[in-house]
*Asks:* 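Before we start, here is the structure in question, set down as structure tokens.
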There are 2 protein chains.
Amino acid sequence: MLKFLCDIANKESRSCPLAQRFSKKQQAIADREQELLQIALQLVEAEGYANLTMDKLTAASPYSKGTIYNHFSSKEDVITGLCNTALRHEIHLFKKAALFEGSSREKALALHQAYLLSAKMQPILFSCVLTAKSPWVQEKSSPARIKAQQELEKEISDMVDQLLQNAIVINELRPKAGATVDLMAFAHWAISFGGIALLSSASETYSIDRLQGTDPFLYNLNCMLDGMNWLPLSTDWDYGQSWLRIEQEIFSAERQQLATALPEILR
Amino acid sequence: MLKFLCDIANKESRSCPLAQRFSKKQQAIADREQELLQIALQLVEAEGYANLTMDKLTAASPYSKGTIYNHFSSKEDVITGLCNTALRHEIHLFKKAALFEGSSREKALALHQAYLLSAKMQPILFSCVLTAKSPWVQEKSSPARIKAQQELEKEISDMVDQLLQNAIVINELRPKAGATVDLMAFAHWAISFGGIALLSSASETYSIDRLQGTDPFLYNLNCMLDGMNWLPLSTDWDYGQSWLRIEQEIFSAERQQLATALPEILR
DNA sequence: ACCTGAACACCGTTCAAGT
DNA sequence: ACCTGAACACCGTTCAAGT
């Protein structure tokens, strides 16, 4: 019950900050949940997943074990909580990306840059999203948190669909025979996800290590979108330039934040 | 020390089965290690990762804890051991794929089918490979096993490189400006890995669930390879047919094995 | 109604004692 | 030289007792 109210309260406090539909007590509880997730994140960032322990979470917080179990039904529920934080951050960046002015394919590029950026800024949270989808985490998470997760995913999915739909309408994206919006949306996700996951978590791998200096992410996208028939093709347009423009016009703040101190591989 | 001999002994027993360069004792130890990994795999397959416990591994085996710690330096070392098993299986399928007779692009398709098949046949082992690359697993694994892992990865990487090199030589693959073999090899890996990882572990996700019935994997490949400029383009050749031919001529045994009983999503 | 922390069953790892 | 299992410190989860 507590958990359910929390997620509502969190959502409300974002979408309409002035709403007073929840008591101070409920807001305080929601705040505490965010506080706990922040501490959990710090623990994981400091020493990896193995370091996330309900004992340590208790010790690092001002609350008791019982209180923490009032918020989270299990350790896995904490992970799903972190996943939802990641998705909210991702959505935030996606919304910024949607503001970029350019061709439909450039807008798609902006979404991919947002995705890449979300993974670079919070690599741990990024990996959380996949971890949270594994059956045994899913099984042990509370229904309320799973529901929140699905709603967040739907929101992202809708943004991608809309971009594709629009590109088709204005005739810049001309789908191959049999290519539905669903199929194309999945292709976008797969190429981006695959690239990020491999680059970030498999950096010790021979065939990835040798890539240093090039920009594999953009090359992958150029191939994929060319093959998808999204005009103008990369032979007719310099998407390296577009990439830089997006970086400067939309994500300069995030870039700067990254530049300070973060994993070497992905910078 | 025991661990190192084991990995050598395993390798030898594969590449030249008749070699008697190791004593019966050493072979027995190597066999026991495989036995332990088999048990570990069963534990994970039965109830997920959380179910893999050194206690349970001990209980499910005829050996004591001390003996198990003679083989594996830590729980993480067991995971890396499972990862290496997965890589060996992958290599086995890759070698079968290389036997397919067809154009260079069809041969590439055969490799991707092998990769997909390895993930479908042993989904748990597939996820193991990524898990094993995460820093905190890597850190706690024994040097010998990490070395074996790197050698296996190099072997796979070489097979892909060779295919690409050859396709360029016979002028069927005509790289875009600036596209090196490294870059293209990575693109192959990323699109395949991304597709498989999302399809297998995120099946509850809205934008993936709706894909049922289509063949997203092949669509992704067609786009990617068209964009990469690998002839003949998918507009000039029916790769759906090629896919089926590969299935029938190379992987009919694997297909049959899969057909019996396995996760619904990927069949 | 919510919070607390002792209690319990289990887990990863080690090591003195055996063979 | 290898095996054993008791022992230790730690972990996830619960719940009776408090406020």
Side-chain angles (χ1 to χ4, degrees), chain A residues 1-6 9 22-33 35-36 39-40 43-44 46-82 131 136-137 139-142 145, chain B residues 1-6 9 22-33 35-36 39-40 43-44 46-82 131 136-137 139-142 145:
Chain A
M1 187 52 183
L2 205 151
K3 267 162 294 192
F4 180 67
L5 282 176
C6 247
F22 295 93
S23 71
K24 274 184 185 166
K25 180 128 205 174
Q26 283 164 336
Q27 186 56 53
I29 288 172
D31 288 347
R32 191 173 57 194
E33 185 153 317
E35 188 189 345
L36 287 171
I39 296 171
L43 287 173
V44 178
E47 297 176 53
Y49 264 103
N51 197 46
L52 178 55
T53 282
M54 297 307 260
D55 264 5
K56 288 189 186 172
L57 183 54
T58 306
S61 83
Y63 314 109
S64 74
K65 274 198 164 182
T67 298
I68 284 170
Y69 271 88
N70 266 350
H71 282 278
F72 303 100
S73 64
S74 66
K75 187 185 168 179
E76 283 73 18
D77 206 28
V78 177
I79 290 177
T80 304
L82 286 176
T131 310
W136 75 95
V137 173
E139 276 166 23
K140 293 184 132 196
S141 297
S142 65
R145 222 175 295 276
Chain B
M1 187 51 183
L2 205 151
K3 267 160 295 192
F4 180 67
L5 283 175
C6 246
F22 294 93
S23 71
K24 275 185 187 166
K25 181 129 204 170
Q26 283 163 338
Q27 185 55 54
I29 287 172
D31 287 347
R32 191 173 55 194
E33 185 151 320
E35 189 190 344
L36 286 171
I39 297 171
L43 287 173
V44 178
E47 297 176 54
Y49 263 103
N51 196 46
L52 179 55
T53 281
M54 297 308 260
D55 263 6
K56 288 189 185 171
L57 183 55
T58 306
S61 84
Y63 313 108
S64 74
K65 275 197 162 183
T67 298
I68 284 171
Y69 272 89
N70 267 350
H71 282 278
F72 303 99
S73 65
S74 65
K75 186 185 168 180
E76 284 72 18
D77 206 28
V78 177
I79 290 177
T80 304
L82 287 176
T131 310
W136 74 95
V137 173
E139 275 165 23
K140 292 184 131 194
S141 296
S142 65
R145 222 174 295 274

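A note on names: the letters A, B, ... follow the listed sequences, proteins ahead of strands, and every chain is numbered from 1.
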*Asks:* Treating a pair as Watson-Crick (purine N1 to pyrimidine N3 plus N6-O4 or O6-N4) or G-U wobble (N1-O2 and O6-N3) with both distances under 3.5 Å, list the stems of 3 or more consecutive pairs that involve DNA chain C.
*Replies:*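 C:4-8 with D:12-16, C:12-16 with D:4-8 - these are the stems of 3 or more pairs that involve DNA chain C.
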*Asks:* Check step by step if side-chain hydrogen bond (donor to acceptor under 3.5 Å, both in side chains) holds for A:S142 and A:S73.
*Replies:* CA-CA 6 Å; A:S142 65; A:S73 64; 4.7 Å; no
*Asks:* Kindly give the heavy-atom pair with the smallest separation between A:D77 and A:F72, and that separation in Å.
*Replies:*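 Of all heavy-atom pairs spanning A:D77 and A:F72, the closest is OD2-CA, 3.5 Å.
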*Asks:* Holding to salt bridge (Lys or Arg N to Asp or Glu O under 4.0 Å), I want the full list of residues that pass it with A:K65, two or more places apart in sequence or in another chain.
*Replies:*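 Counting only residues at least two positions away or on another chain, A:K65 forms a salt bridge (Lys or Arg N to Asp or Glu O under 4.0 Å) with A:D55.
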*Asks:* Mind checking the CD1-OH spacing from B:I39 to B:Y63? Nearest 0.5 Å is all I need.
*Replies:*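 Taking CD1 in B:I39 and OH in B:Y63, the distance rounds to 7.5 Å.
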*Asks:* Verify the contact: side-chain N or O of B:R32 to OP1 or OP2 of D:dC2, cut-off strictly under 4.0 Å; return yes or no.
*Replies:*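 Answer no for this pair, as no side-chain N or O of B:R32 is under 4.0 Å from OP1 or OP2.
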*Asks:* Between the protein and nucleotides 12-16 of chain C, list every N/O to N/O distance that falls short of 3.5 Å.
*Replies:*
residue : atom : partner : partner atom : Å
C:dG12  : OP1  : B:K75   : NZ           : 3.3
C:dG12  : OP2  : B:M54   : N            : 2.6
C:dG12  : OP2  : B:D55   : N            : 3.4
C:dG12  : N7   : B:K65   : NZ           : 3.3
C:dT13  : OP2  : B:Y69   : OH           : 2.8
C:dT13  : OP2  : B:K75   : N            : 3.0
C:dT13  : O5'  : B:Y69   : OH           : 3.4
C:dT13  : O4   : B:K65   : NZ           : 2.7

*Asks:* Send over the distance from B:E33 CD to D:dC2 C1', rounded to a whole Å.
*Replies:*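 Distance check: B:E33 CD to D:dC2 C1' gives 15 Å.
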*Asks:* Treating A:T53 as the side-chain partner and A:K56 as the backbone partner, does any N or O pair qualify as donor plus acceptor under 3.5 Å?
*Replies:*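 No; judged by distance alone, with no hydrogens or angles, the pair does not exist.
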*Asks:* Verify the contact: side-chain N or O of B:T67 to OP1 or OP2 of D:dC2, cut-off strictly under 4.0 Å; return yes or no.
*Replies:*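 Checking D:dC2 against B:T67, no side-chain N or O comes under 4.0 Å of OP1 or OP2.
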*Asks:* Starting at CZ of A:F72 and ending at P of C:dC2, how long is that distance when rounded to a whole Å?
*Replies:*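 Atom CZ in A:F72 sits about 16 Å away from atom P in C:dC2.
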*Asks:* Roughly how far apart are A:R145 CZ and A:H71 NE2, rounded to 0.5 Å?
*Replies:*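 Reported value, rounded in 0.5 Å steps: 9.5 Å.
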*Asks:* If you measure from CG on A:L43 to CG on A:L52, what distance do you get to the nearest 0.5 Å?
*Replies:*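 Nearest 0.5 Å value for the CG-CG distance: 6.5 Å.
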*Asks:* Once you round it to whole Å, what is the distance between C1' of D:dC11 and CD1 of A:I68?
*Replies:*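 In whole Å, D:dC11 C1' lies 14 Å from A:I68 CD1.
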*Asks:* Could you state the interatomic distance from CZ (B:R32) to CG (B:N70), rounded to the nearest 0.5 Å?
*Replies:*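 The CZ atom of B:R32 sits 7.5 Å away from the CG atom of B:N70.
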